[in-house]
Amino acid sequence: MEEESVTPARRLERSFYLNTNAVEIARNLLGKVIYSSVDKIITGGVIVETEAYKGPEDVGSHSYNGKRTVRNEMMYAEGGLVYMYICYGIHNMLNIVTGPEGSSHAVLIRALEPVTGIDVMRQRRSVFDNDKRLCKGPGALCKAMGLSKKHNGVSLAGDTVWIEDRGTVLTDDEIIASPRVGLNITGPYRDIPWRFYIKRNPYISRP
DNA sequence: GCGACGATCATCT
DNA sequence: GATGATCGTCGCG
């Protein structure tokens, strides 16, 4: 038998997403690689920034207090699906549904370090001068990866959107936890450190 | 039916 | 750092 010199990339398994602690999953998604295959073109990048949203106790979550609407229904699905919604009328947001069916936790993907299909991402974003901007922010990365609300409910076990573990190990001192971005709420959940990003990574949406 | 409001981004100054 | 773009969704009654 021949030994592998590097850890082979392998898709995250279903159990990864069934963890009931979305905060833990948000942290553990850092360093993983997310891919999309849209119009037969594969694009992807390393996840460098995430945010956890924990329903129903999290005032910042769409599912706060058990709220259930047409828009957020996907949050209640079993972990391992994609929850997409539109923000500010323009921007698509990519979330990973987590926890068992009936719970409503999710992780927002906020920034990627582009790895695959970079030229297509430049075209989709009309950004040709600075690859650090390609997937800088949740709306930007969706545009770069060709993802929109029509991908709501797509399974990460399928061949449209999936996440791989490349064996990257991040220690706690390489990860920054900080308050979440853009929430217009008051109370303790406003400043709870549920945003995670890789320290000094130039591809995050903001320091 | 309608008014208000975003888990943002690009383009200014 | 400030501002305008832009529209789906929610909640009201």
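What's counted below: heavy atoms across the whole structure, side chains too, no hydrogens, waters or symmetry copies. Proteins come first, then strands; the chains are lettered A, B, ... in the order of their sequence lines, and each starts at number 1.
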Do A:Tyr189 and A:Trp194 have ring centroids that are under 6.0 Å from one another? yes
Report yes or no: is there a donor-acceptor pair, N or O only, under 3.5 Å between the side chain of A:Tyr88 and the base of C:dA5? no
Those residues of residues 178-202 of chain A lying under 4.0 Å from DNA chain C by at least one heavy atom: none
Run the side-chain hydrogen bond (donor to acceptor under 3.5 Å, both in side chains) test against A:Asn21 and tell me which residues pass, sequence neighbours left out. none
Quiz item: cation-pi between A:Arg110 and A:Tyr197, 6.0 Å / 45°: no
Within 45° cone of A:Tyr83 ring axis and under 6.0 Å: A:Arg71 NZ or CZ: no
Heavy-atom count check: over 12 atoms from other residues, nucleotides or ligands less than 6.0 Å from A:Asp39 CG? no
Any donor-acceptor N or O pair under 3.5 Å, side chains A:Thr43, A:Ser36: yes
Taking the basic N atoms (NZ, or NE/NH1/NH2) and the acidic carboxylate oxygens, is any pair closer than 4.0 Å for A:Arg27 and A:Asp172? yes
Between atom CG in A:Asn92 and atom P in C:dT6, what is the gap in whole Å? 16 Å
Would A:Glu164 and A:Arg10 pass as an ion pair if we require N to O under 4.0 Å? no
Measure CD1/A:Ile109 against P/B:dT8 and give the value in whole Å, please. 14 Å
Atom pair distance, as rounded to whole Å: OH in A:Tyr53 and C1' in B:dG6: 12 Å
Gap separating the CZ atom of A:Arg11 from the NZ atom of A:Lys32, nearest 0.5 angstrom: 15.0 Å
Figure out the NE2/P separation between A:His62 and B:dC5, and round it to whole Å. 16 Å
Would you give the length of the straight line joining atom CG of A:Leu81 to atom OG1 of A:Thr98, rounded to the nearest 0.5 angstrom? 11.0 Å
How long is the line joining OH of A:Tyr85 and C1' of B:dG6, in whole Å? 9 Å
Could you give the CZ-to-P distance, from A:Arg206 to B:dT8, as a whole number of Å? 7 Å
Table of protein N/O atoms under 3.5 Å from nucleotides 10-13 of chain C N/O atoms:
unit_1, atom_1, unit_2, atom_2, d
C:dC10, OP1, A:Thr69, OG1, 2.1
C:dC10, OP1, A:Arg71, N, 3.3
C:dG11, OP1, A:Lys67, NZ, 3.3

Sequence neighbours excluded, the answer for side-chain hydrogen bond (donor to acceptor under 3.5 Å, both in side chains) partners of A:Glu174 is A:Thr171
One thing to verify: whether A:Asp129 and A:Arg122 come together as a salt bridge, which I'm taking to mean a side-chain N less than 4.0 angstrom from a carboxylate O. no
Considering only nitrogen or oxygen atoms on both sides, find all protein atoms under 3.5 Å from nucleotides 9-13 of chain B and state each distance.
unit_1, atom_1, unit_2, atom_2, d
B:dC9, OP1, A:Gly137, O, 3.4
B:dC9, OP1, A:Pro138, N, 3.2
B:dC9, OP1, A:Gly139, N, 2.9
B:dC9, OP1, A:Ala140, N, 3.0
B:dC9, O4', A:His91, NE2, 3.2
B:dA10, OP1, A:Arg125, NH1, 2.5
B:dA10, OP1, A:Arg125, NH2, 3.2

Please report the interatomic distance OG(A:Ser104) to CE(A:Met74), rounded to the nearest 0.5 Å. 13.5 Å
Using atom CE of A:Met84 as one end and atom C1' of C:dG8 as the other, report the distance to the nearest whole Å. 14 Å
Under a 3.5 Å cut-off on both pairing distances, which runs of 3 or more consecutive Watson-Crick or G-U pairs involve DNA chain B? B:1-6 with C:7-12, B:8-12 with C:1-5
Is there a donor-acceptor pair closer than 3.5 Å between any side-chain N or O of A:Arg125 and the backbone N or O of A:Leu134? yes
In whole angstroms, the gap separating P of C:dG8 from CG of A:Asn152 amounts to 15 Å
